[in-house]
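Inspection log for the structure reproduced underneath, given as C-alpha cells.
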Amino acid sequence: MYKILFLLIVSLFFISCSSKNNAFKYFEKDEIETKGIQYTKKTDILKDNEVKVIFWATYLNKIDKEISNSNEELFLVSVYFADKESQDIFENNYSFLLNGIDAISTQKVEKDNENFKSLMLKNNWGNYYLVKFIAQDSYNLTLKLKNQSSSSAQLNFEK
C-alpha cells in the first residue's frame, strides 16, 4: 500500500513540475479564428472523379455581431481551380448565388489583408473573395458556386 502511495506522489511531483509547453500551446487561437473555423465549410466540384474546383466559404455574419445586424449576408470565399491557369472566378465564368439570388458584390481579397488574416485558411493557390448578398429571411442559407456549363457546388449554412 505504501509503495503504491509513494509511486503516486512521485508521479504527481514529476507531472506538476513538468513544462507547461504541451500540446495545448498549438491550439491557442483567438476568438475570431475559432469562430471562423466553426462557420467554415468546404466542398469540391468533381469531373470524372477528379477534383476540378475546391470551394470554401466562411459565413461572416455568425462571427461578428456588427455584421449580423447589417442588411447583408457576408461570406469570405476561397476558390481554387485545379486545371486552370487563371484563378479568377470571373475569367473562369463562375458566379455566386445565395438561395438562388445573385450576389450584390464580389470583391477580391488580397492574401495579406489584415481584416481577414485570421480567417483565411492558408490557401496559397486560389483566390479569396468577399461576397455580399441582400439579407435573407430564410433560416437556411444555400451558397452556390456555379458556372455557365452547369458545373456547380453548394454549401449549406444556418442563420
Side-chain angles (χ1 to χ4, degrees), residues 20-159:
K20 300 302 180 210
N21 293 332
N22 55 24
F24 292 112
K25 76 177 183 177
Y26 298 107
F27 297 105
E28 292 176 9
K29 306 288 183 189
D30 62 355
E31 184 179 350
I32 291 176
E33 188 172 357
T34 304
K35 284 184 176 181
I37 293 169
Q38 183 178 0
Y39 297 109
T40 298
K41 296 191 177 189
K42 176 200 168 284
T43 191
D44 302 323
I45 295 177
L46 302 173
K47 185 175 182 182
D48 298 327
N49 290 328
E50 289 186 28
V51 175
K52 297 298 179 183
V53 180
I54 301 174
F55 171 43
W56 292 273
T58 303
Y59 184 40
L60 297 177
N61 293 57
K62 286 287 199 174
I63 295 171
D64 190 349
K65 290 181 182 181
E66 289 180 22
I67 294 173
S68 64
N69 292 333
S70 71
N71 289 329
E72 298 173 325
E73 305 291 349
L74 293 171
F75 292 88
L76 180 64
V77 175
S78 174
V79 180
Y80 170 67
F81 299 97
D83 296 335
K84 304 283 185 177
E85 286 290 322
S86 172
Q87 292 297 315
D88 189 81
I89 61 166
F90 303 112
E91 290 177 16
N92 290 311
N93 296 319
Y94 278 84
S95 61
F96 299 103
L97 300 169
L98 184 66
N99 292 349
I101 300 171
D102 287 321
I104 296 171
S105 72
T106 303
Q107 300 172 327
K108 185 175 180 183
V109 176
E110 296 301 322
K111 293 177 180 148
D112 59 352
N113 186 314
E114 289 296 320
N115 293 333
F116 299 108
K117 188 175 184 178
S118 61
L119 297 173
M120 293 185 181
L121 298 172
K122 315 302 184 257
N123 177 7
N124 296 324
W125 305 284
N127 287 335
Y128 287 94
Y129 299 92
L130 180 63
V131 185
K132 296 180 184 180
F133 297 93
I134 59 172
Q136 300 286 309
D137 293 329
S138 175
Y139 180 73
N140 296 316
L141 302 174
T142 301
L143 179 63
K144 188 173 191 177
L145 173 69
K146 71 171 196 121
N147 73 356
Q148 295 171 347
S149 67
S150 75
S151 295
S152 66
Q154 69 181 29
L155 298 170
N156 296 311
F157 295 89
E158 293 178 357
K159 214 169 184 183

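Atoms considered below: every heavy atom in the structure, side chains included; atoms not considered: hydrogens, waters and symmetry mates.
Looking at Trp56 and Leu155, their side chains never come closer than 4.5 Å, going by heavy atoms from C-beta outward. You'll find the side chain of Asn156 reaches within 4.5 Å of the side chain of Gln154, heavy atoms only.
Judged by distance alone, the side chains of Glu158 and Tyr59 never bring a donor and an acceptor atom under 3.5 Å apart.
More than 12 heavy atoms of other shown residues, nucleotides or ligands fall within 6.0 angstrom of atom NZ in Lys42. Around NZ of Lys52, the count of heavy atoms belonging to other residues, nucleotides or ligands within 6.0 Å exceeds 12. Annotation: Lys41, atom NZ; neighbour count of heavy atoms from other residues, nucleotides and ligands within 6.0 Å is above 12.
Between Phe75 and Phe96, the distance separating the two ring centers is not shorter than 6.0 angstrom.
Minimum heavy-atom separation, Tyr128 to Ser78: CE2-CB, 3.6 Å. When all heavy atoms of Val79 and Gln87 are compared, the closest pair comes out as O-OE1, 4.0 Å.
To the nearest 0.5 angstrom, Thr40 atom OG1 is 13.5 Å from Lys62 atom NZ. Rounding to the nearest 0.5 angstrom, the gap separating the NZ atom in Lys144 from the CG atom in Asn99 is 11.0 Å. For the atom pair CZ (Phe133) and CG (Leu143), the distance works out to 5.0 Å, reported to the nearest 0.5 Å. Between the CZ atom in Phe81 and the CZ atom in Phe55 there is a gap of 10.0 Å [rounded to 0.5 Å]. The CD1 atom of Ile89 sits 7.0 Å away from atom CG of Leu145, with the distance rounded to the nearest 0.5 Å.
Using cut-offs of 30° and 60° on the angle between ring planes, the pair Phe90 and Tyr129 is perpendicular.
Here the options are Thr106, Asn147, Asp88, the test is side-chain hydrogen bond (donor to acceptor under 3.5 Å, both in side chains), and the partner is Tyr94; only Asn147 passes.
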